[in-house]
S.K.: 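Take a look at the following structure, please.
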Protein chains: 2
Amino acid sequence: MRYPPGHKQEKRKELLNVSSALIKEGGYAATGIDSLMQAAGVTSGAFYSHFASKKELFGALIAQELFISREQWAENPHSSAEDWLNYELDRYLNLRHVRHPDAGCILPTLGAEIARADTSVKEIYEEEMLKGVAILAQRLGSEEQAWAMICQMVGAMLLARAMPTEAGQSAILESSKRFLRDTLSTARK
Amino acid sequence: MRYPPGHKQEKRKELLNVSSALIKEGGYAATGIDSLMQAAGVTSGAFYSHFASKKELFGALIAQELFISREQWAENPHSSAEDWLNYELDRYLNLRHVRHPDAGCILPTLGAEIARADTSVKEIYEEEMLKGVAILAQRLGSEEQAWAMICQMVGAMLLARAMPTEAGQSAILESSKRFLRDTLSTARK
DNA sequence: GTCTATACGCGGATAGAC
DNA sequence: GTCTATCCGCGTATAGAC
């Protein structure tokens, strides 16, 4: 069968999207290529027509996911510093995000596995993170505050997801939200 | 089932200690019982004389590790709020901790896997975390600040460990440290 | 309690037909 | 490109000897 030009690139992207959700849900190490490809409607053999290895998939997944995260910042409609911040805090630190890691930020769910990965994977992570911090620093006024905001949100999501009850999850989310709202507000300057 | 005699209790604790280090290093799912028991000098068959399953080990590991973390807070020699805080920030947010997850806090390295575990495991996590937050809240003045400090430190360690270079790791650690130092200082009250 | 041996399934990756 | 079939190793857990 003959395929239209660009078909392979599109198929690769499709496999990547399906894999991203499943790996964010179940973890990188724990999710096999078989189940990823089954979810995409092909067999595991087809995987290697698009990726050289599972590690390459991991790197591509990180780059794509962090790119998407930055795009979401750009969609924030508010111009005032305070409104912009509140919008971001509500978008990240909510129970829907806690319950759906497959559709959320890659950092709370896969950060520890990136830390255990090869240097080649970590370099992709670094490059994408530095782009994000640079953008955020323009909004907040300093790179220090940009890193602090990211660490706070990622840590809160990580610890909230491990809580067995909604009450416990909310306690963590709301604490971090109020804390960032107070400490990053322009009123402090 | 009867409770084991003292000798068995000690052996169980020894297995737990060895397992903790290896699992914090390599991840819970990725580290097999074979390699854990090999490091402890026994065979995998012996494991099941002390634990009903790998999940039970995971729960016991979480309880023990979070207990140890609380004990470390108690060892802080400073009485003034500012000195106490600076001591904790330096103890947690440093490059040695980044480089040695096997000897460090369980939350950055295993938090995501706790989030994916059974409710029984999460309940152990919740119970131990609430004890810790209560202690920290006494120091900082509110539970909100206690949660915020923990989330910030855990998030910073998670994201710093994924950085491929020491410079990148330090940028994150120092940002979080200065941020918490400024925002949690008693001067704000 | 700990050992050896084993049951049984899933992991990543490859070869060759179509 | 995708399929089926397969290699080979590791995963948890159990059975039975000592």
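A, B, ... follow the sequence lines: proteins, then strands. Residue 1 opens every chain.
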S.K.: When the distance from CZ of A:F47 to P of D:dC3 is rounded to whole Å, what number comes out?
M.R.: 14 Å
S.K.: From the options B:Y125, B:F51, B:Y28, select the one residue that forms a ring-ring contact (aromatic ring centres under 6.0 Å, His included) with B:F58.
M.R.: B:Y28
S.K.: Is B:K131 atom NZ crowded by more than 12 heavy atoms from other residues, nucleotides or ligands, each under 6.0 Å away?
M.R.: yes
S.K.: Rounding to an integer number of Å, can you tell me how far A:M37 CE sits from C:dG12 P?
M.R.: 10 Å
S.K.: Are the side chain of A:K122 and the backbone of A:A117 linked by a donor-acceptor contact shorter than 3.5 Å?
M.R.: no
S.K.: Is A:T43 near enough to D:dC3 that one of its side-chain N or O atoms lies under 4.0 angstrom from OP1 or OP2?
M.R.: yes
S.K.: Which protein N or O atoms sit under 3.5 Å from an N or O of nucleotides 10-12 of chain D?
M.R.:
from: D:dT12; atom 1: OP1; to: B:K54; atom 2: NZ; distance (Å): 2.7
from: D:dT12; atom 1: OP2; to: B:I33; atom 2: N; distance (Å): 2.7

S.K.: Figure out the CD/P separation between B:Q9 and C:dG1, and round it to whole Å.
M.R.: 10 Å
S.K.: For nucleotides 15-18 of chain C, tabulate all protein N/O to nucleotide N/O atom pairs closer than 3.5 Å, reporting atom names and distance.
M.R.:
none

S.K.: Let me know the distance between CD of A:Q38 and C1' of D:dT4, rounded to the nearest Å.
M.R.: 15 Å
S.K.: Any Lys/Arg nitrogen of A:E113 or A:R116 sitting under 4.0 Å from an Asp/Glu carboxylate oxygen of the other?
M.R.: no
S.K.: Using a strict cut-off of less than 4.0 Å between a Lys/Arg side-chain nitrogen and an Asp/Glu carboxylate oxygen, indicate whether B:E88 and B:R139 qualify as a salt bridge.
M.R.: no
S.K.: Under 4.0 Å between a side-chain nitrogen and a carboxylate oxygen: does that hold for A:R99 and A:E166?
M.R.: yes
S.K.: Give a yes/no verdict on a cation-pi contact between B:K54 and B:F47, requiring under 6.0 Å between NZ or CZ and the six-membered ring centre and an angle within 45° of the axis.
M.R.: no
S.K.: Could you tell me whether B:R70 and B:E128 have a side-chain N and a carboxylate O separated by less than 4.0 Å?
M.R.: yes
